[in-house]
Amino acid sequence: NPGAKRLYGYSAQEAVGQPIAMLIPSERDGEESAIFRRILTGERVDHFETMRVHKNGRRLDISVSVSALRDRSGRLIGASSIARDISDARSIARAQDQVIKRLLLASEFRDDDTGQHVVRMSGLCGRIAVALGWDSERAAELESAATMHDVGKIAIPDAILLKRGPLSEEERTVMETHAAVGHRMLSGSGIAQVERGAEIALTHHEHFDGRGYPNGLIGEAIPISGRIAAVADVFDALTSDRVYRTAFTEHQALGMM
């Protein structure tokens with residue numbers, strides 16, 4: 001139909017009767033068969049995100065919904081497929097991801113260890129989420145958002161951030177402002193992933209017993225994202241070398257926690 005012609009570039013004369021595989025990238029061979037097997041079991045495939053190939057060879061990010069076509073007796077006679085071009089949405093998502101990465105570089109330049117801590121801590125957040133029963137997509141979203149947890153540290157003076165030794169009470173008070181600063185930097189963007197990052201930035205130093213900061217939240221008043229991030233952040237901090245001490249063993253860290 002005209003919509004398919006606009007999306008894929010083929011006329012009806014060029015496409016009708018040809019194998020659907022001509023629209024599918026070679027690395028996704030077998031994907032359509034898997035979809036049809038699901039249809040045969042009576043399942044409807046809704047908003048399946050994948051990739052297709054335009055007549056000119058350009059790759060297309062699309063969302064596909066497929067449903068069975070049956071005759072009056074209920075016998076399966078075909079399938080109806082509706083495809084939506086989501087290339088622009090994917091481009092925006094990729095742009096947002098790049099903005100986030102550039103933002104994180106600002107804090108990474110302040111402290112050579114920050115970059116590695118971000119990778120380890122956010123990865124641990126994803127693993128904890130999966131262990132709690134989250135699906136892989138939701139866990140991956142948390143992992144991405146958690147990379148922003150310490151972005152507020154760009155406002156902390158080097159004399160405090162890189163101090164080789166215990167902080168004074170005054171210095172600790174300044175250090176603790178990074179949670180609220182990070183929240184102010186990230187909130188209000190309207191981008192779901194960045195808003196989740198703002199939530200984590202604000203709450204990843206809250207403690208279940210209410211003795212954390214900045215708001216002294218207790219128990220489940222702390223968002224689950226902040227609770228997971230707190231566990232991951234503390235575990236990685238304890239098991240890593242810091243400017244003021246050497247790393248604890250995993251056994252020691254778990255005992256302390």
Side-chain angles (χ1 to χ4, degrees), residues 1-41 43-69 78-106 108 115 118-119 122-123 125-126 129-130 134-148 151 185-200 225:
N1 61 28
K5 181 178 179 180
R6 287 193 300 272
L7 181 60
Y8 298 120
Y10 292 98
S11 66
Q13 291 77 18
E14 293 173 305
V16 173
Q18 297 301 315
I20 193 79
M22 73 185 211
L23 300 176
I24 302 176
S26 58
E27 69 271 16
R28 294 178 181 266
D29 183 41
E31 181 180 271
E32 202 71 14
S33 297
I35 290 175
F36 286 137
R37 284 195 296 272
R38 292 168 63 182
I39 296 299
L40 285 170
T41 65
E43 182 180 352
R44 177 183 170 86
V45 177
D46 280 321
H47 307 299
F48 176 74
E49 294 189 3
T50 184
M51 186 173 288
R52 294 291 180 260
V53 181
H54 190 276
K55 180 181 177 180
N56 64 14
R58 181 168 55 92
R59 299 294 182 96
L60 304 168
D61 291 311
I62 68 167
S63 174
V64 180
S65 295
V66 185
S67 55
L69 296 176
S80 171
S81 175
I82 299 174
R84 182 168 60 91
D85 188 350
I86 58 172
S87 298
D88 288 345
R90 284 284 183 86
S91 295
I92 291 172
R94 284 191 287 267
Q96 291 174 354
D97 187 56
Q98 284 301 310
V99 169
I100 291 169
K101 284 181 169 64
R102 299 290 185 262
L103 182 61
L104 293 175
L105 281 174
E108 193 171 336
V118 164
V119 172
S122 60
C125 282
V130 170
W134 291 26
D135 62 50
S136 58
E137 182 177 352
R138 187 182 176 204
E141 289 172 353
L142 175 70
E143 184 172 331
S144 177
T147 61
M148 296 174 261
V151 70
M185 290 175 62
L186 298 171
S187 61
S189 69
I191 302 171
Q193 198 72 339
V194 179
E195 294 295 340
R196 177 60 59 84
E199 177 181 81
I200 293 172
S225 61

- Item | Closest non-hydrogen atom pair, Ile62 against Asp85 | CG2-CA, 4.4 Å

- Task: Can you measure from OG1 (Thr41) to CZ (Arg37) and round to the nearest 0.5 angstrom?
- Result: 10.5 Å

- Near Arg6 CZ, under 6.0 Å, is it more than 12 heavy atoms from other residues, nucleotides or ligands? no

Under 3.5 Å, sequence neighbours excluded: what are the donor-acceptor pairs made by side chains of residues 15-24?
none

- For the student: nearest non-hydrogen atoms of Arg38 and Phe48, plus distance: NH1-CD1, 4.4 Å

- Item | CG (Leu40) with more than 12 external heavy atoms under 6.0 Å | yes

- Between Gly126 and Ala139, which heavy-atom pair has the shortest distance, and what is it? O-CB, 3.8 Å

- So, Ser65 side chain and His47 main chain: donor-acceptor pair closer than 3.5 Å or not? yes

- Take atom CG in Asp29; do more than 12 heavy atoms of anything else shown fall under 6.0 Å from it? no

- Task: Grab the two heavy atoms, one from Gly188 and one from Glu195, that are nearest each other, plus how far apart they are.
- Result: N-OE2, 2.8 Å

- Does atom CZ of Arg196 have more than 12 heavy-atom neighbours, drawn from other residues, nucleotides or ligands, at distances under 6.0 Å? no

- Side chain proximity check, Leu186 to Ile200, heavy atoms < 4.5 angstrom: no

- Query: Does the side chain of Arg59 come within less than 4.5 Å of Ser87's, by heavy atoms?
  - Reply: no

- Task: Please tell me if the side chains of Met51 and Leu60 come closer than 4.5 Å, counting only heavy atoms from C-beta onward.
- Result: no

- Output the distance between atom OG1 (Thr147) and atom CG (Leu142), rounded to the nearest 0.5 Å. 10.0 Å

- Item | Shortest non-hydrogen contact between Val194 and Met148, atoms and distance | CA-CE, 4.1 Å

- Query: How far does OH of Tyr10 sit from CG of Asn56, to the nearest 0.5 angstrom?
  - Reply: 9.0 Å

- Message: Less than 4.0 angstrom from a charged side-chain N to a carboxylate O is my criterion; do Glu141 and Arg138 meet it?
- Response: no

- Working to the nearest 0.5 Å, report the span between CD of Glu143 and OG of Ser136. 11.0 Å

- Could you state the interatomic distance from CZ (Arg52) to NE2 (His54), rounded to the nearest 0.5 Å? 14.5 Å

- Item | Arg28 versus Thr50, side-chain donor and acceptor atoms under 3.5 Å | yes

- Query: If every non-hydrogen atom of Ser187 is compared with every non-hydrogen atom of Ala198, which pair is closest and at what distance?
  - Reply: N-CB, 3.7 Å

